[in-house]
Amino acid sequence: MKWILLCLACHPTLAYVIWLRHSRAVSVLRRSSILYFEELTMSFELVGNPTLKLKYSNPNLKKHRVGVQTAEWDGRARVKVKNDHGKKWRIGFVQLLEKNMMMAVYKKTKRSEILLPGKSMPVLDADDNHAYRPFYDDNTVSLEMQPKDVQTSIGTPEKTASIRMWDEPESQYKWWLNDDETNPLEEFVMNLEFSTYIVARDITAGSGIHDPFSLVILKQWSVVLDRRYEFTVVKDAASLPGIPRADLTKTKCVVKNPMRQPFVVDSTRGFPQNANTIFQGAVANDVFTDDDTLINKKSVGEFVKARAAMWGGT
């Protein structure tokens, strides 16, 4: 039974894929609003089943701060390239951050990650290396994690590349915001959405940020992370004045929604229409800043009194 993934691009150099059971790739391009199909002279084959596994990581508790780790990522695939002697392909994982909600809730303040003015979602989740866009990793990581360059020849008509994506991102927060001992961390809320792909990029004409992004999507997943932690922070009696430190024997962390596990599902959405702009723009690590908002807390009794007063009660 055939399954078809159809992704359309609005940029003339952005090629997407229809993937058939017999591993024949067909690029889909739009030129002057005319849609046509150009059969590639090569084919890709996913060897075995590509996998993308995620599991939540426990917060990393230190005396002066907590490191909140989103999750541990582990993606693996083997891709065979056949009979394409005139082109050079780079194959690896590509990831877009579709939604970002990270909020540290202190006793008196909410600290949230917000987009810088002029930035928008989705955003490329990758290393800031223009020569390796749009791939998640570049040539500075271990060989196993680097995207692989593949070029066949008449003498070697088939080549297989093993690719992998691994990470365990961490965001760090002080136990007491600005070392204010009346403002300890009480809760952390995380809700993230990603689109993760296995992609082949034609780099025959160049691999830079301004070279054509001629891409073939070989596999895609949608990922959702939803996690809430509750903290009870106890000050270490040996802390210096004005520099509070946590007593790690008494400070506690509780997962508020342990039934929620990372959600990973196959997808056929393809890239956004403005993918070229995303690939050439700032990466995820460069587009967020912290925003602090004071919490106006009311007890249940105060809330009921306030609502009653609105309707003439006491």
Side-chain angles (χ1 to χ4, degrees), residues 52-75 95-116 119 121-128 136-137 165-196 222-236 239 243-264 283-295:
L52 180 65
K53 299 179 180 180
L54 283 84
K55 62 179 181 180
Y56 287 123
S57 303
N58 293 327
N60 185 14
L61 278 59
K62 300 291 185 181
K63 293 183 70 68
H64 62 293
R65 53 90 178 153
V66 56
V68 180
Q69 297 168 320
T70 54
E72 179 183 307
W73 303 72
D74 193 355
Q95 184 158 271
L96 301 184
L97 177 58
E98 304 271 2
K99 176 183 176 181
N100 183 83
M101 201 279 281
M102 301 271 281
M103 182 169 61
V105 182
Y106 291 83
K107 188 176 184 65
K108 300 188 295 185
T109 312
K110 290 181 180 179
R111 168 161 285 188
S112 304
E113 283 190 359
I114 62 171
L115 282 167
L116 293 170
K119 306 300 180 183
M121 306 291 279
V123 64
L124 183 63
D125 187 17
D127 192 274
D128 194 4
Y136 189 80
D137 286 310
M165 171 188 178
W166 186 94
D167 206 352
E168 196 174 27
E170 179 178 294
S171 298
Q172 298 185 6
Y173 296 87
K174 280 192 170 185
W175 288 119
W176 289 269
L177 188 61
N178 299 323
D179 289 332
D180 178 357
E181 296 182 24
T182 67
N183 201 11
L185 181 65
E186 295 184 334
E187 189 177 4
F188 189 87
V189 182
M190 172 180 67
N191 188 273
L192 306 172
E193 296 181 10
F194 300 86
S195 290
T196 307
S222 291
V223 176
V224 178
L225 301 177
D226 183 8
R227 198 72 157 168
R228 298 174 70 107
Y229 298 106
E230 182 178 85
F231 296 100
T232 303
V233 188
V234 178
K235 179 183 173 183
D236 190 333
S239 298
I243 311 177
R245 293 292 183 261
D247 184 340
L248 298 183
T249 65
K250 299 178 180 179
T251 295
K252 304 298 181 185
C253 171
V254 177
V255 179
K256 298 297 290 181
N257 57 344
M259 72 296 296
R260 296 283 185 91
Q261 294 302 309
F263 180 75
V264 183
V283 299
N285 291 343
D286 300 331
V287 301
F288 294 103
T289 187
D290 289 330
D291 178 71
D292 293 341
T293 304
L294 292 177
I295 297 175

query = Looking at V287, L96, L115, which one forms a side-chain contact (heavy atoms from CB on, under 4.5 Å) with M121?
reply = L115
note = Of K110, R111, E113, M190, the one forming a side-chain contact (heavy atoms from CB on, under 4.5 Å) with M103 is K110
Any non-hydrogen side-chain atom of [X] less than 4.5 Å from a side-chain atom of [Y]?
{"X": "N60", "Y": "V66", "value": "no"}
{"X": "Q172", "Y": "K62", "value": "no"}
{"X": "R228", "Y": "E187", "value": "yes"}
{"X": "M102", "Y": "L192", "value": "yes"}
{"X": "W175", "Y": "H64", "value": "no"}
{"X": "L185", "Y": "L177", "value": "no"}
{"X": "W166", "Y": "D137", "value": "no"}
{"X": "V105", "Y": "I295", "value": "yes"}

query = Just wondering, more than 12 heavy atoms not from K53 lying within 6.0 Å of its NZ?
reply = no
ask   = Does CG in D128 sit with more than 12 non-hydrogen atoms of other residues, nucleotides or ligands closer than 6.0 Å?
value = yes
inquiry  = Centroid separation under 6.0 Å, is that true for the rings of W73 and F194?
reply    = yes
task = For the pair Y229 and F188, name the ring-plane relationship: parallel under 30°, tilted 30 to 60°, perpendicular over 60°.
result = tilted
ask   = How many angstroms lie between NZ in K107 and CG in N183, if you round to the nearest 0.5 Å?
value = 9.0 Å
key: Verdict with reasoning, D180 to Y106, per side chain to side chain donor-acceptor pair (under 3.5 Å)   = CA-CA 10 Å; D180 178 357; Y106 291 83; over 6 Å; no
